[in-house]
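As the structure is a prediction and not an experimental result, all values here were calculated from the model.
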Amino acid sequence: MIDTVKTYEEFSETRFLSDVAALAKTLGAPYEERTTRRVLEVFGSHFHSGAVLWKTTDRPGDHLGYRFFARERTDTVRTAVEAGLLQAGPLTALVDAWDRTFGTDAIQSCDFDAFNGAAKTWVYLGGMRPAEQVLDHAAVPAALRAHLPALTRAGLDHVRFTAVDYRSATVNVYFRARGPLTPARCAQVLAAVGIPAPEEDAVARVRAVAPEDFCLAVTFSLTTGTASRACFYALGVPEARMPALPPRIGEFFSAAPCHDTEVIRGLGWSYGADGSAYLKAEHAYSGDMAARLRDWDCYLTGSTGRDPVLAAAEHAGGTVPATDGAVAVRTPAAAHPHRRGPAAEALCRVVDPSTRYEGKQRMGLITGVSRQTVGSEALCMHLIAMPPRTRGAVHIHDGHESSLLVTGGRTRTYFGHDLEHHVDAEAGQLLYIPAGMPHVAANLQDEPAAGVLARTDPEEQESVRLLPALEQKAAALFDAHLAAADDARTVTAPSGTTRTA
């Protein structure tokens with residue numbers, strides 16, 4: 001069951017202006033109130049509806065940044081250009097190209113500098129994407145595209161976020177890579193982009209808080225394609241597992257105000273091609289940052305999950321981490337089973353549905369037929385296993401249809417633009433869900449429900465768009481119907497006693 005208690009306070013411009021000025025003063029960071037007010041005038045609605053965080057580094061006097069992670073699809077670049085916060089150019093054109101490529105899945109967010117204003121545009125790609133789909137694009141400079149073979153050989157072949165930095169004219173690519181992050185694995189992925197590896201004790205510090213399948217962000221020059229930095233991230237680091245921190249980061253974590261119930265702190269170890277290193281830090285401010293990160297399937301410290309897309313790529317013959325941390329790569333055709341043509345012939349395949357994971361809809365899924373596992377062009381089929389007395393998250397499938405064959409138990413699906421309808425399906429029945437229909441699945445029974453899920457989107461992590469505005473309605477419906485089901489299951493045992501199932 002999803003907790004619907006509000007976990008954050010509403011964003012306030014007045015309070016934010018006071019908080020950012022105070023935090024900048026504490027850190028000795030430059031601050032310009034007029035610039036910050038202008039940012040709020042232009043993007044105020046996103047600060048209210050999105051999740052907001054602070055960011056800085058351990059370098060003395062470095063800038064204080066802040067960011068909103070948007071919950072709605074919008075053209076933040078056009079908004080910034082029309083407001084005079086940015087000038088259109090190759091970087092904004094690249095954001096526009098990715099936005100058009102990934103369509104309704106792409107969500108733009110923004111970074112700001114408390115002194116200079118607009119700093120970076122982020123693009124969430126809607127889930128894991130093959131690196132070639134992101135980088136082998138006409139809008140990406142050829143010098144940057146040239147890194148693809150080396151990235152693939154090192155197992156950096158799936159991307160979840162991209163960003164452009166207007167201050168340094170660079171492109172950031174956020175890979176999720178198969179772990180664990182051993183010293184050999186660290187050296188391998190950094191060597192792929194020409195970055196010297198840190199000492200083993202530094203790798204151990206990162207591994208202590210990084211998830212098993214780790215995030216590596218690589219910064220490339222837009223003009224030369226050269227990789228200047230690479231950063232390993234750990235998000236949601238609890239205080240009990242926080243490593244020893246440089247004084248400025250410790251001061252930042254102590255002073256950064258937060259209006260969320262769950263405080264999210266993040267660390268990023270950044271290594272340069274010139275051998276330099278520094279520590280980044282992020283701290284939640286408002287808008288329930290924890291929920292936003294989970295909606296986007298970001299792995300937090302302590303997560304035991306392994307990425308199902310990376311696992312599927314391994315199963316299909318892609319990158320396979322060896323026990324010493326190196327990565328053995330099979331044939332180029334197997335490494336990219338979704339690519340058609342002479343290098344990857346379409347074959348009949350058998351898939352072992354063994355990899356379990358929780359999708360964006362928060363339901364138990366088991367990997368099956370998809371673009372990532374067999375190279376399918378327009379079909380995905382999974383197994384689904386819903387625990388008793390649970391429901392998923394309200395969502396919509398933009399542009400594709402779904403169907404569920406119930407093989408065990410009984411499911412209830414709430415649907416409609418206000419979840420005003422519901423329908424039940426039991427073992428042996430099939431459920432059809434039209435494209436674009438808001439819905440959420442539930443299991444009101446005391447037994448698990450299972451089925452075969454098919455859809456016309458071939459991606460392993462489908463084009464799901466969550467609808468948080470309907471979560472409260474879904475919770476109320478689920479609780480009421482669960483209580484009614486419990487009442488209906490109240491039976492009289494043969495002995496004459498009353499039992500409630």
Short side-chain to backbone donor-acceptor contact, Glu471 and Val394, under 3.5 Å = yes
query = Is the number of heavy atoms from other residues, nucleotides or ligands within 6.0 Å of CD (Glu200) greater than 12?
reply = no
message = Using a 3.5 Å distance criterion without hydrogens, assess whether the side chain of Asp113 forms a donor-acceptor pair with backbone atoms of Phe115.
response = yes
ask   = Taking it one step at a time, do Gln133 and Phe102 satisfy side-chain contact (heavy atoms from CB on, under 4.5 Å)?
value = CA-CA 10 Å; Gln133 190 179 0; Phe102 297 102; 3.6 Å; yes
key: By side-chain hydrogen bond (donor to acceptor under 3.5 Å, both in side chains) - contacts of Asp165 (at least two apart)   = Arg167
message = When you measure from the side chain of Arg306 to the backbone of Gly179, do you find a donor-acceptor pair of N or O atoms at a distance under 3.5 Å?
response = yes
key: Crowding at CD, Glu239 (>12 non-hydrogen neighbours, <6.0 Å)   = no
key: His259 vs Glu10 side-chain heavy atoms within contact, under 4.5 Å   = no
message = Closer than 3.5 angstrom, by distance alone: can the side chain of Arg412 be matched with the main-chain N or O of Arg391 as a donor-acceptor pair?
response = no
request  = Just jot down the side-chain contact (heavy atoms from CB on, under 4.5 Å) partners of Ser270, sequence neighbours excluded, or say none.
outcome  = Arg229, Cys231, Tyr278, Lys280
query = How would you list, by chain and number, every residue that makes a side-chain contact (heavy atoms from CB on, under 4.5 Å) with Lys55, sequence neighbours excluded?
reply = Leu53, Arg67, Asp111, Lys120, Glu282
ask   = How about His382 and Cys380: do any of their side-chain heavy atoms sit closer than 4.5 Å?
value = yes
inquiry  = For Phe68, run the ring pair (Phe, Tyr, Trp, His ring centres under 6.0 Å) check against Phe43, Trp122, Phe16 and tell me which one passes.
reply    = Phe43
query = Is there a side-chain contact between Thr56 and Leu23, using heavy atoms and a 4.5 Å cut-off?
reply = no
query = Is the backbone of Asp307 close enough, under 3.5 Å, to the side chain of Asp213 for a donor and an acceptor to pair up by distance?
reply = yes
query = Can the ring centres of Phe69 and Trp296 be said to be less than 6.0 Å apart?
reply = yes
ask   = Would a distance-only check, ignoring hydrogens and angles, find a side-chain to backbone donor-acceptor pair under 3.5 Å from His439 to Met437?
value = yes
ask   = Please walk me through it: do Arg207 and Phe214 pass side-chain contact (heavy atoms from CB on, under 4.5 Å)?
value = CA-CA 9 Å; Arg207 184 177 178 180; Phe214 57 91; over 6 Å; no
query = Mind checking whether Arg265 and Leu235 have side chains closer than 4.5 Å, heavy atoms only?
reply = no
ask   = Does any N or O in the side chain of Glu32 come within less than 3.5 Å of the main-chain N or O of Arg34, such that one atom is a donor and the other an acceptor?
value = yes
key: Side-chain donor or acceptor of His48 paired with backbone N/O of His46 under 3.5 Å   = no
query = Quick one: do the Asp19 and Tyr285 side chains pair a donor with an acceptor below 3.5 Å?
reply = yes
query = Between Arg410 and Ala449, is there a donor-acceptor pair closer than 3.5 Å when you use the side chain of the first and the backbone of the second?
reply = no
key: Parallel, tilted or perpendicular: rings of His283 and Phe252 (30°, 60°)   = perpendicular
message = Can you classify the ring geometry of Tyr66 versus Phe112 as parallel (below 30°), tilted (30 to 60°) or perpendicular (above 60°)?
response = parallel
inquiry  = Quick check against the 3.5 Å criterion: does Arg294 have a side-chain atom that pairs as donor or acceptor with the backbone of Met289?
reply    = no
ask   = Under a 4.5 Å cut-off applied to non-hydrogen side-chain atoms, are Tyr174 and Tyr233 in contact?
value = yes
